[in-house]
Amino acid sequence: MIDVKYLSFFYDDIKHEILEDIKFTIPDGQIVGIFGVNGAGKSTLLRILAGVLTQKEESATCNDIRIDGKSPLEQRKNIACIFEEGTFLADLTPMEYGRFLSDFYPNFDMVYYEKLLQFFHLEERVSAKFSRGERAKLEMAAGLAKRTKYIFMDEPFLGKDILVKQDFLHMLAGSLTGEETLLMVTHELDFMESFLDRAFLLHEKKIILDICMDDLHQSGKNLTATFKEAVGYEERAYQNIWKKLEKI
């Protein structure tokens with residue numbers, strides 16, 4: 001279970017608060033999407049939960065962040081981070097990287113990892129020579145093969161074509177046993193809606209919506225429309241801009 005109480009955060013260099021009074025509880029086994037406009041603090045929140053972005057006393061306050069009763073840093077080996085920028089070691093080949101990870105993650109599944117490499121057609125050469133898309137596939141393969149209880153994903157579909165997105169989603173769905181807790185930051189609302197159990201909407205430093213997807217669908221609404229309504233999006237705002245320009 002992930003339990004967050006009263007988290008606030010700002011970056012030292014800009015002295016501007018990114019997150020304010022964030023609190024939520026996620027029970028085991030939920031798939032949660034984290035949505036919001038650019039700059040809403042989605043990636044910051046995910047990195048704090050993953051223990052990747054450490055909290056400094058002057059830049060963050062938090063009464064408590066607990067993952068199964070422990071801090072994010074204490075749970076690092078139980079968290080797989082699949083981030084858009086990649087966490088792989090560029091001077092290693094995929095198989096060398098897999099052997100490296102197996103020393104740190106007790107449940108790392110080398111057989112499954114090799115199958116994923118074959119599925120994604122990743123050649124055995126140093127990942128520094130991979131394209132952006134190939135690096136994303138390597139990141140996905142490594143993350144899923146860690147077989148951790150917690151999986152944190154930040155924009156895993158960014159810049160991917162629709163076929164690659166479908167491959168990623170099918171691979172992800174086939175990898176989950178139902179016991180994992182998955183948090184995903186993404187702008188792909190329509191693409192991910194049917195996959196999620198729950199959705200957070202971050203806006204102006206706070207979680208303004210915490211939605212159970214079953215409840216949302218029973219109300220006859222969808223995630224995109226709910227998102228637009230919550231942030232006050234004006235569907236035809238661009239028309240007003242053109243009218244003002246025409247008067248100039």
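If you read the sequence from its start, that first residue is 1, and numbering goes on from there.
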State, yes or no, whether a side-chain contact exists between [X] and [Y] at a heavy-atom distance under 4.5 Å.
X: F9; Y: L53; answer: yes
X: Q30; Y: I2; answer: no
X: M184; Y: I151; answer: no
X: M213; Y: E193; answer: yes
X: C212; Y: Q218; answer: no
X: F191; Y: L169; answer: yes
X: F130; Y: R125; answer: yes
X: L201; Y: I211; answer: no

I need the [X] [atom1] to [Y] [atom2] distance, nearest 0.5 Å.
X: D167; Y: M140; atom1: CG; atom2: CE; answer: 10.0 Å
X: L202; Y: I18; atom1: CG; atom2: CD1; answer: 11.0 Å
X: D68; Y: K149; atom1: CG; atom2: NZ; answer: 3.5 Å
X: R66; Y: T25; atom1: CZ; atom2: OG1; answer: 13.0 Å
X: L216; Y: T226; atom1: CG; atom2: OG1; answer: 4.5 Å
X: L7; Y: E20; atom1: CG; atom2: CD; answer: 11.0 Å

For [X] and [Y], indicate whether the former's side chain and the latter's backbone hold a donor-acceptor pair under 3.5 Å.
X: E134; Y: L122; value: no
X: T186; Y: E155; value: no
X: S8; Y: D21; value: yes
X: D28; Y: M1; value: yes
X: K42; Y: G36; value: yes
X: D197; Y: I31; value: yes
X: E180; Y: G178; value: yes
X: Y150; Y: L183; value: no
X: S71; Y: E74; value: yes

Where is the tightest heavy-atom contact between [X] and [Y], given as atom of each residue plus distance?
X: G143; Y: A80; value: O-CB, 3.4 Å
X: F83; Y: A50; value: CZ-CB, 4.4 Å
X: A145; Y: Y113; value: CB-CB, 3.6 Å
X: P94; Y: L138; value: CB-CD1, 4.0 Å
X: L223; Y: A199; value: CD1-CB, 4.0 Å
X: L209; Y: A230; value: CD1-CB, 3.5 Å

Could you tell me whether F227 and F35 have their ring centroids closer than 6.0 angstrom? no
Linking I/L/V/M/F/W/Y whenever any side-chain heavy atoms sit under 4.5 Å apart, do [X] and [Y] land together?
X: M110; Y: Y97; result: yes
X: L163; Y: F168; result: yes
X: L117; Y: V126; result: no
X: M171; Y: I162; result: yes

Side chains of T148 and N78: is there a donor and an acceptor less than 3.5 Å apart?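 The criterion, which ignores hydrogens and geometry beyond distance, is not satisfied for N78 and T148.
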Please determine whether side chain to side chain contact (heavy atoms under 4.5 Å, CB included) holds for the pair V32 and F24, giving the CA-CA distance in whole Å, both sets of side-chain angles, and the decisive distance to 0.1 Å. CA-CA 12 Å; V32 181; F24 57 80; over 6 Å; no
Counting only heavy atoms from other residues, nucleotides and ligands, does the tally under 6.0 Å from [atom1] of [X] exceed 12?
X: K206; atom1: NZ; value: no
X: E229; atom1: CD; value: no
X: E124; atom1: CD; value: yes

Check step by step if side chain to side chain contact (heavy atoms under 4.5 Å, CB included) holds for V4 and L49. CA-CA 9 Å; V4 176; L49 295 177; 3.6 Å; yes
Validation: residues 98-106 side-chain donor-acceptor distances under 3.5 Å, sequence neighbours left out:
from : atom 1 : to  : atom 2 : distance (Å)
S102 : OG     : R99 : O      : 2.6

With side chain to side chain contact (heavy atoms under 4.5 Å, CB included) as the test, would you mind laying out the steps for F200 and I22 before giving the verdict? CA-CA 11 Å; F200 292 163; I22 301 294; over 6 Å; no
Between F152 and V52, does a side chain to side chain contact (heavy atoms under 4.5 Å, CB included) hold up when you go through it step by step? CA-CA 11 Å; F152 295 165; V52 174; over 6 Å; no
Contacts of S43 that satisfy side-chain contact (heavy atoms from CB on, under 4.5 Å) - sequence neighbours left out: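 Per chain and number, S43 pairs via side-chain contact (heavy atoms from CB on, under 4.5 Å) with R47, D154, V185.
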